[in-house]
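Read the structure below first, then the notes.
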Amino acid sequence: MMEAILQEGLSSFALPSQGIPALLRYGELLAERNKVMNLTAITDPEEVARLHFLDSAALLTLTDFREKTVVDVGTGAGFPGLPLRILEPSIRLTLLDAQNKRINFLQEVCQDLSLTGVSCVHGRAEAFAAEHRETFDLAVSRAVAALPVLAELCLPLVKVGGSFLAMKSVDCTSELEAAGRALSLLGGRLEKPLDYRIPGTDVRHRLVIVKKIGETPKKYPRMFAKIKKNPL
Ligand code: SAH
């Protein structure tokens, strides 16, 4: 069932299908571990296929990920980062999350699938930036925070010339407007957002694309309490 959904979905994205066995195994491990720890609220296999795997895969149709260094900020159970790496093996991926149990799960999945070029890091984005400032071609993130906050977590990690990609719903217009000041303070420039539909569903999502056009001032990111209390 999941296999047929992935076949159909990837083919409608014109993406190759050789990653499907790895995605199926990842889905199996996710279902198994989710029984004993809270990794994801989505448990129905068809929904996992569509709302996790195909939603993540959509990004490959919107941006060139080949040979890129990518950080997934607040990856949770690995979305969107891990499906991206499975489907585009030339990506060098860092999966970052503040919850250790999620990072342990991701390490287990990477080992099980013998994935190379993936580093699973337990930590907070604002602390990770101290050592890894402006070192990634791309930062991606889904369902972590509103854009003004998210931009301060993600843009410091991106090289000048790279991009920050935020997966949002299509009704994020007011969030986008609220983020204008933050983006320019952090060295970002909003590009044209790209909308897509998850195959086999009516779900429409929007990829917000922020190009890094200048260095992020050293005072950002601030401590999380400050970011939250006083978003840019
Ligand atoms: N991106 C995943 C998970 C979303 S849940 C998905 O779309 O399915 C949000 C995740 O972000 C949680 O796992 C939480 O631990 C993590 N998170 C929140 N703030 C963070 C921060 N400042 N640094 C790193 N991870 C963070």
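Sequential numbering from 1 along the given sequence is applied to the chain's residues. Side chains are part of it too, since the values below use all heavy atoms of this structure and drop only hydrogens, waters and symmetry mates. This is a predicted model, so every value here is computed, not measured. Numbering of ligands and ligand atoms starts at 1, following listing order.
Residue contacts with ligand 1: Ala77 is placed with no nitrogen or oxygen under 3.5 Å of a nitrogen or oxygen of the ligand (distance criterion only). In terms of polar-atom proximity, Arg142 is counted as a contact of ligand 1, with an N or O under 3.5 Å from an N or O of the ligand. The shortest N or O to N or O distance between Arg102 and ligand 1 is under 3.5 Å. Looking at Leu96 next to ligand 1, no N or O pair under 3.5 Å apart turns up. Inclusion of Phe224 in the set of residues having an N or O under 3.5 Å from an N or O of ligand 1 is not warranted.
Ser90 and Glu88 share a donor-acceptor pair across their side chains, judged by distance under 3.5 Å alone. There is no side-chain donor-acceptor pair under 3.5 Å between Thr75 and Asp97.
Of all the heavy atoms in Leu232 and Pro148, the pair that sits closest is O-CB, 4.0 Å.
Distances from atom 4 (C) of ligand 1 to the heavy atoms of Gly76, Ala143, Ser56 show the closest one on Ala143.
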I'd like to know whether Met167 forms a side chain to side chain contact (heavy atoms under 4.5 Å, CB included) with Leu207, so could you lay out the CA-CA distance, the side-chain angles of the two residues, the decisive distance to 0.1 Å, and finally the verdict. CA-CA 5 Å; Met167 296 168 76; Leu207 188 64; 3.9 Å; yes

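For atom 14 (C) of ligand 1, the closest heavy atom belonging to the protein is Asp97 OD1, 3.6 Å. From the protein, the heavy atom lying nearest to atom 23 (N) of ligand 1 is Ala125 N, 2.9 Å.
Here Glu126 has side-chain heavy atoms under 4.0 Å from ligand 1, and that is the only part of it that gets that close. Contacts with ligand 1 closer than 4.0 Å are made by no heavy atom of Val73, backbone or side chain.
Ion pairing of Arg222 with Glu126 is absent here, as no side-chain N (NZ or NE/NH1/NH2) approaches a carboxylate O to less than 4.0 Å.
The cationic group of Arg206 does not satisfy the cation-pi geometry with Tyr196, failing either the under 6.0 Å distance to the six-membered ring centre or the 45° limit from the ring axis.
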